[in-house]
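One structure is given below, encoded as structure tokens.
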Amino acid sequence: MGERKVRDRLPTCREVVELVTDYLEGEMPPGDRERFEMHLATCEPCVTYVEQIRLTIGAVGALDESKIPDDQRDGLVAAFRELFT
Ligand SMILES: [Zn+2]
């Protein structure tokens, strides 16, 4: 999934949504992580989103998939499957 990599610029909100599981799982390279957090420092909606996903990951069995857009859900479901198996 090389196209998901964040390059030498701040990620967009869309990329924050796409990368949030990597961020929360600690699988993001340090440079990308730094830029991800720089975006969060200026974008409250993304902070809220990251917190929501963090809570969702922390609450097994309480996943409210209706709040996640269809095109994101498949990737998240795959990520959750990796986390919980
Ligand atoms: Zn944002």
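In this chain, residues are counted from 1 in sequence order. Note that ligands are numbered from 1 as they come in the structure, with each ligand's atoms numbered from 1 the same way.
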| Heavy-atom side-chain contact between I53 and L24 under 4.5 Å |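 Yes; the side chains approach each other to less than 4.5 Å.
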| query | Who are the side chain to side chain contact (heavy atoms under 4.5 Å, CB included) partners of T48, not counting sequence neighbours? | reply |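 If we apply the side chain to side chain contact (heavy atoms under 4.5 Å, CB included) test to T48, skipping adjacent residues, there are no hits.
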| request: Kindly compute the distance separating CD (E27) from OG1 (T21), expressed to the nearest 0.5 Å. | output: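 With rounding to 0.5 Å, CD (E27) is 7.5 Å from OG1 (T21).
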| message | Test of understanding: with salt bridge (Lys or Arg N to Asp or Glu O under 4.0 Å), list the residues that count as partners of E34, not counting sequence neighbours. | response |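 Once residues adjacent in sequence are excluded, E34 has no partner under the salt bridge (Lys or Arg N to Asp or Glu O under 4.0 Å) criterion.
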| query | Would you say the side-chain atoms of R33 pair up with the backbone N or O of Y23, donor to acceptor, closer than 3.5 Å? | reply |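 At least one qualifying donor-acceptor pair exists.
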| Donor-acceptor under 3.5 Å (H39 side chain, P11 main chain) |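 Flag set: sc H39 to bb P11 pair under 3.5 Å.
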| field | Atoms named by residue and atom, protein N, O or S, within reach of the Zn ion (ligand 1) (under 2.8 Å) | value |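 N, O, S partners closer than 2.8 Å: C13 SG, H39 NE2, C43 SG, C46 SG.
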